[in-house]
Amino acid sequence: MAKFKKTESGRNLSRILSKGYLDLHTRASQGAFVVWIAINVPAELFAGFENVVYGVPESHAAMNAGKGVGAIQCEKAERIGYSMDLCSYARIDIGCVSDNGKDSPSFGLPKPDLLVSDNNNCSLLVKWFEVHHREMGVPHFIIDVPFCYEPQQKKDRDYIIAQFHGLIQTIEKMSGQRFDPDRVSEAVASTNQGISHWKRFLSFAGHRPSGITAFDSFVHMAPFLTMRGTSEFVNHYKLLADETEQRVAAGDFPVKNEKYRLFWDNIAPWHQLRNMSDSLAAHGANIVGATYTSCIGSVEGSFDMYPYDGGDPLEYCARTQNCYICPHGLNLRSKAMRQAVKRLNIDGIVFASNRSCKPYSVTQMDQQRTMTEKLGIPSVMIDVDHADVRKYSRQSTFTRLEALIESIAAKRAA
Amino acid sequence: MNAIKRLRKLQGEGKKIVGCFPLYPPVELFYAMELVPVVLWGLTDAHTQTPKSDRHLQNYTCFVARDLTEFILTQGHALLDGIFMYNACDTLRNLPEIFIKETKASGGSLPLIRMHLPMSPQDQTDSSKYFNDEINAVIRSFTEDLGTSFSSERFEEGIRLYNRMRKLAIFAQHRVARGRMGFLPFADTMRNACFMPVGEQVSALESLLRMYPEDSGDPNDSKTDTGVILSGILPPPPSIIAAIESAGMRVVGNDIASLHRSYADIPAPESDPCEYYRDFYFHHTPCSTLLFSGDRRLQTLMDMVDKTGAMGVIFVGEKFCEYEYFEFPYLEKELRKKGVKTLRIEISMQDDAHAGGISSRIEAFAEMTAS
Ligand code: SF4
Ligand code: SF4
């Protein structure tokens with residue numbers, strides 16, 4: 001069985017996340033300027049202001065799903081007319097806002113002064129933030145990030161940077177606070193340092209047996225979404241990587257009898273982390289890596305770290321805007337996945353077709369064929385909704401996962 | 001004549017055809033380059049199932065995207081000389097690579113030219129220069145890939161022709177509103193027109209208007225029907241239109257993306273394409289797919305209600321179109337506050353399977369609206 005021992009980094013994660021939500025509410029109540037952002041908005045920019053705090057609805061929605069209240073929040077949104085076919089993060093967030101954070105483990109997010117969305121992960125996010133813009137009467141700043149089919153072009157980067165300047169001016173005007181670019185450089189340097197520890201942590205997946213499970217990486221993603229540019233961020237990922245290193249050195253592995261090394265494609269199934277991890281471990285299978293967590297701190301087409309060179313922090317932030325899986329096309333996705341699959345000695349790929357997240361899922365059928373053609377490794381497509389447990393069937397998922405494991409075994413035996 | 005036959009006819013005439021998506025491509029620009037732009041929607045009668053598309057797109061993608069994919073992968077690549085797309089929804093942006101890969105695999109080649117339409121509102125970021133560069137890049141790409149060249153004279157002529165077509169479409173829409181013609185012949189003509197050169201579009205609309213002449217001028221003509229507005233991405237299927245009209249409702253206005261949202265804008269003639277398209281896009285009639293237009297959407301719909309005296313709005317939801325579905329609850333709420341009745345129906349263009357159930361809801365809505 002996968003070991004879910006409470007580790008020091010696990011305890012630290014709980015502590016910093018609780019403190020983070022508490023601080024957010026406290027500072028908001030003390031008059032800080034509150035921004036709600038989409039996860040890809042470069043949060044380091046807010047470090048350039050004395051008293052700007054931010055909440056991340058997607059991360060908050062994932063937490064709701066992870067704590068088992070995702071479906072309750074979704075239902076609230078559905079009752080006020082939002083279709084069940086819409087992204088479950090959006091439904092959780094809209095449902096949560098509809099009754100001022102009731103049922104949320106963090107009592108929701110403090111009311112924003114400004115909403116900042118972008119369309120790189122998905123355009124849907126802009127529509128989702130528009131809902132709050134209209135219902136709450138709060139201004140909404142939209143960052144438009146051109147999708148890329150090839151590595152990001154300079155013309156697009158310059159356009160993104162121009163929008164960052166527009167955002168900075170908007171906050172200056174609205175909050176009355178002055179922007180200090182040096183503080184942003186420091187924040188970006190901290191993010192870069194934290195990410196290097198994150199990449200070190202992920203690299204233990206290369207060990208046989210793997211030093212980590214992808215489920216660990218899903219859980220520990222949260223600071224990346226809500227604490228970038230801070231010392232807590234750096235310290236947490238250092239602790240996580242150091243601790244994992246020690247455990248690997250001590251021969252302490254999450255799936256000791258690891259027979260099947262799998263790779264995951266799509267958002268984490270937040271409501272199933274423990275269940276899926278345990279059930280796979282019982283078969284000697286471990287999902288050791290995931291596109292979702294590997295892309296952090298990279299640029300499109302590779303999962304290698306894209307380091308900050310100490311130059312213009314806005315340039316760095318703009319350059320990394322397409323790094324997540326959704327903002328770039330099939331060929332780039334496929335290139336990075338092939339590299340990871342080879343590097344981690346993957347036996348099989350789990351494509352989680354996620355009807356709540358079309359930008360991640362459309363192209364998966366082609367991606368699956370490409371992986372079979374180019375690498376000849378087995379894969380399976382399962383149906384998952386990342387945050388709405390009502391749209392998940394454990395039985396059909398495991399029937400398919402078991403079939404994948406059997407086909408890997410059959411391939412080995414052949 | 002269905003879409004495929006029309007495309008074959010154009011091909012037989014030696015025309016260079018550019019398939020465009022989504023709905024608001026820079027058609028005058030293509031005209032200026034001696035290309036025939038065809039906006040790729042309403043292809044449903046070209047095929048009834050989507051087996052090729054089903055190998056690439058999950059069943060939770062909208063039928064518009066699946067229909068488009070089926071068309072490109074089956075016939076489109078042999079009928080088109082190139083594809084043009086600009087950024088739209090999260091589904092469409094993932095399609096080009098599938099098209100290119102599959103076309104290559106079947107031994108063909110189809111130049112695909114893309115443009116990024118800035119989606120940030122102009123009062124937040126001035127994207128004029130970026131956008132000008134995008135327009136110029138489109139001209140360059142077509143010149144290189146299809147061996148065409150841009151002519152300012154033809155551009156201005158294209159504007160005149162397309163504006164004429166848009167005006168005729170507005171006339172025809174008024175006739176529908178006044179009960180002089182049904183919504184179906186109007187929607188059908190507009191759909192067929194997509195697969196014609198603009199000159200023929202003008203002729204088709206002129207003959208439609210001749211077929212359904214203006215009324216006697218009596219404003220009370222056909223006043224017995226209850227006026228409703230249809231809103232959605234595509235017009236509903238014929239069976240639903242029939243159900244609406246036979247329930248005693250008249251379509252006095254439409255906020256359909258492939259109809260009114262496409263022809264409502266008649267920008268001032270301009271010889272510089274960059275300037276012309278800045279005006280065209282940045283001041284475009286609000287559409288759920290144009291992210292910068294969000295703040296104007298409700299007011300535009302309210303104005304349409306006031307102007308047409310509509311008693312109700314029927315939202316025709318394209319199944320799985322998140323763009324539209326995010327806006328419905330707010331629009332419905334605000335319309336109801338004004339005493340305007342609303343009905344939301346969900347359709348997937350592929351099948352009429354639920355038409356029966358939808359028809360009963362339409363009848364009930366008609367009764368409620370009339371009372
Ligand atoms: S659709 Fe996908 S990318 Fe967009 S907000 Fe939902 S989960 Fe995130
Ligand atoms: S109907 Fe909606 S989801 Fe479908 S292609 Fe059009 S904008 Fe995209």
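Throughout, protein chains are lettered first and strands after them, A, B, ... in sequence-line order, and every chain is numbered starting at 1.
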Original post:
Using a distance-only test with no angle check, is there a side-chain donor-acceptor pair under 3.5 angstrom linking A:Ser123 and B:Asp90?
Top reply: yes
**OP:** Using non-hydrogen atoms and a 4.5 Å limit, figure out which bit of A:Leu167 sits close to chain B: side chain, backbone, both or neither.
**Re:** neither
**OP:** Before giving the answer on side chain to side chain contact (heavy atoms under 4.5 Å, CB included), spell out for B:Glu97 and A:Ser334 the whole-Å C-alpha distance, their side-chain angles and the decisive distance to 0.1 Å.
**Re:** CA-CA 12 Å; B:Glu97 287 167 299; A:Ser334 159; over 6 Å; no
**OP:** Give, as side chain, backbone, both or neither, the part of A:Gln368 having an atom under 4.5 angstrom from any heavy atom of chain B.
**Re:** neither
Original post:
Looking just at side-chain N and O atoms, do A:Asp158 and B:Tyr130 make a donor-acceptor pair shorter than 3.5 Å?
Top reply: no
Original post:
Does the side chain to side chain contact (heavy atoms under 4.5 Å, CB included) test come out yes or no for B:Phe326 and A:Ile94, once each step is laid out?
Top reply: CA-CA 11 Å; B:Phe326 264 108; A:Ile94 291 169; 3.9 Å; yes
Subject >> Reported CZ-to-CG distance for the pair A:Phe147 and B:Asn94, which is rounded to 0.5 angstrom >> reply: 4.5 Å
**OP:** Give, for atom CD of B:Gln58 and atom CG of A:Asn354, the distance between the pair rounded to the nearest 0.5 Å.
**Re:** 9.5 Å
**OP:** Tell me, please, whether B:Tyr60 has A:Lys358 positioned over its six-membered ring: NZ or CZ under 6.0 Å from the ring centre and within 45 degrees of its axis?
**Re:** no
Original post:
Going by atom types alone, do B:Asp295 and A:His140 pair a side-chain donor with an acceptor below 3.5 Å?
Top reply: no
**OP:** Enter the distance from A:Tyr82:OH to B:Phe328:CZ here, rounded to the nearest 0.5 Å.
**Re:** 11.5 Å
**OP:** Decide, yes or no, whether a salt bridge links A:Lys155 with B:Glu134 under the criterion of side-chain N to carboxylate O below 4.0 Å.
**Re:** yes
Original post:
Is it the side chain or the backbone of B:His56 that comes within 4.5 Å of chain A heavy atoms, both, or neither?
Top reply: both
**OP:** Measure the spacing between OH of B:Tyr330 and NE2 of A:His133 and express it to the nearest 0.5 Å.
**Re:** 8.0 Å
**OP:** Compare every heavy atom of A:Leu86 with every heavy atom of B:Glu322, then report the nearest pair and how far apart it is.
**Re:** CG-CD2, 3.5 Å
**OP:** With rounding to the nearest 0.5 Å, note down the distance linking CD1 in B:Ile100 to OH in A:Tyr149.
**Re:** 9.0 Å
Subject >> Side-chain (B:Gln124) to main-chain (A:Ile142) donor-acceptor, under 3.5 angstrom >> reply: yes
Original post:
For B:Ala65, is it the side chain, the backbone, both or neither that has a heavy atom under 4.5 Å from a heavy atom of chain A?
Top reply: neither
Original post:
Can any side-chain N or O of A:Glu130 pair as donor or acceptor with the backbone N or O of B:Gly294 at less than 3.5 Å?
Top reply: no
Original post:
Using non-hydrogen atoms only, which part of B:Lys129 is less than 4.5 Å away from chain A: side chain, backbone, both, or neither?
Top reply: neither
Original post:
If you take all heavy atoms of B:Met119 and A:Asp144, which pair is closest and at what distance?
Top reply: N-OD2, 2.9 Å
Original post:
So what's closer than 4.5 Å to chain A heavy atoms on B:Leu117: side chain, backbone, both or neither?
Top reply: backbone
Original post:
So, do A:Phe141 and B:Thr125 sit near enough that their side-chain heavy atoms are less than 4.5 Å apart?
Top reply: yes
Original post:
Where on B:Pro121 is there a heavy atom nearer than 4.5 Å to chain A: the side chain, the backbone, both, or neither?
Top reply: side chain
Subject >> From B:Cys321 atom SG to A:Leu124 atom CG, the distance as rounded to the nearest 0.5 Å >> reply: 10.0 Å
**OP:** Answer with side chain, backbone, both or neither: which region of A:Asn119 has an atom nearer than 4.5 Å to a non-hydrogen atom of chain B?
**Re:** both
Subject >> Considering all heavy atoms, the nearest A:Gln163-B:Ser120 contact >> reply: OE1-CB, 3.5 Å
Subject >> Minimum-distance pair of heavy atoms, taken over all atoms of A:Gly81 and B:Arg344 >> reply: O-NH2, 2.9 Å
**OP:** Give, as side chain, backbone, both or neither, the part of B:Asp133 having an atom under 4.5 angstrom from any heavy atom of chain A.
**Re:** neither
**OP:** Please state whether the side chain, the backbone, both or neither of B:Arg55 comes within less than 4.5 Å of a heavy atom of chain A.
**Re:** both
**OP:** Give, as side chain, backbone, both or neither, the part of A:Pro139 having an atom under 4.5 angstrom from any heavy atom of chain B.
**Re:** neither
Original post:
Between A:Arg134 and B:Glu327, is there a side-chain N and carboxylate O pair less than 4.0 Å apart?
Top reply: yes
**OP:** Kindly give the heavy-atom pair with the smallest separation between B:Ile98 and A:Leu330, and that separation in Å.
**Re:** CG1-CD2, 4.5 Å
**OP:** Against chain A, work out which of B:Gly317, B:Pro118, B:Ser127, B:Pro96 has the most heavy-atom pairs shorter than 4.5 Å and name it.
**Re:** B:Pro118
Subject >> Interface residue of largest heavy-atom contact number with chain B, from A:Ser83, A:Ala90, A:Ser361, A:Gly166, under 4.5 Å >> reply: A:Ser361
Subject >> Heavy-atom closest contact (A:Val362 atom, B:Leu57 atom, distance) >> reply: CG1-CD2, 3.7 Å
Subject >> Heavy-atom contact with chain B under 4.5 Å, split by part of A:Arg333 >> reply: side chain
Subject >> B:Glu332 versus chain A, the contacting section by heavy-atom distance below 4.5 Å >> reply: neither
**OP:** Would you please name every residue forming a salt bridge (charged side-chain N to carboxylate O under 4.0 Å, His left out) with A:Asp366, sequence neighbours left out?
**Re:** A:Arg369, B:Lys101
**OP:** Look at A:Lys127 together with B:Glu324 and state whether they make a salt bridge at an N to O cut-off of under 4.0 Å.
**Re:** no
